[in-house]
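Since the structure is predicted, the reported quantities are computational estimates derived from the model, not experimental observations.
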Amino acid sequence: TDIGPVSTPFCEGSVTVVISFTVLESGTVPSGEISITPASLLPSTVRNEIVSQLSKWRFEADDFAALARLEFSIVKK
């Protein structure tokens, strides 16, 4: 996922955070179930954009919800 050009100036340098989220049975990712740790490394504008993009992700439906966790790096060049 790329953060948009509007959020790029808000990143002061390269950072890595862990993003955790729930995938519901329907395959959707509710924005209220997305957490970024440590959140303090990213300005709220960037956090909000990441949450907005992840909540649009769709997974294959299944009989149960699942937790996902990924390491996300922003590299400012």
- Does a side-chain heavy-atom distance below 4.5 Å link Val51 with Phe21? no

- Is it the case that one hydrophobic cluster holds both Phe59 and Leu24, taking links as side-chain heavy atoms less than 4.5 Å apart, direct or via other members? no

- According to the side chain to side chain donor-acceptor pair (under 3.5 Å) rule, which pairs have a member within residues 19-29, sequence neighbours left out? Thr22-Glu33, Ser26-Thr28

- Message: Using the rule that Ile, Leu, Val, Met, Phe, Trp and Tyr join whenever any side-chain heavy atoms are under 4.5 Å apart, tell me whether Ile50 and Leu70 fall into a single cluster.
- Response: yes

- Could you list the residues that satisfy side chain to side chain donor-acceptor pair (under 3.5 Å) with Ser40, not counting sequence neighbours? none

- Message: Are there over 12 heavy-atom neighbours, none belonging to Arg58, within less than 6.0 Å of that residue's CZ?
- Response: yes

- Note on the structure: CD of Gln53 to CG of Asn48, rounded to nearest 0.5 Å, is 11.5 Å

- Spatial distance of atom OG (Ser35) from atom CZ (Arg47) [nearest 0.5 Å]: 12.0 Å

- Any link between Val23 and Val18 through a network of hydrophobic side chains (Ile, Leu, Val, Met, Phe, Trp, Tyr) touching at under 4.5 Å? no

- Quick one: side chain to side chain donor-acceptor pair (under 3.5 Å) partners of Ser52, sequence neighbours excluded? none

- Query: For Val17, what residues pass the side-chain contact (heavy atoms from CB on, under 4.5 Å) criterion, not counting sequence neighbours?
  - Reply: Ile19, Ile36, Pro38, Leu41, Leu42, Phe72

- Query: Do Ile74 and Ser14 come close enough that some side-chain heavy atom pair is under 4.5 Å?
  - Reply: no

- Query: Do Thr16 and Ser73 meet the criterion of a side-chain donor-acceptor pair at a distance under 3.5 Å?
  - Reply: yes

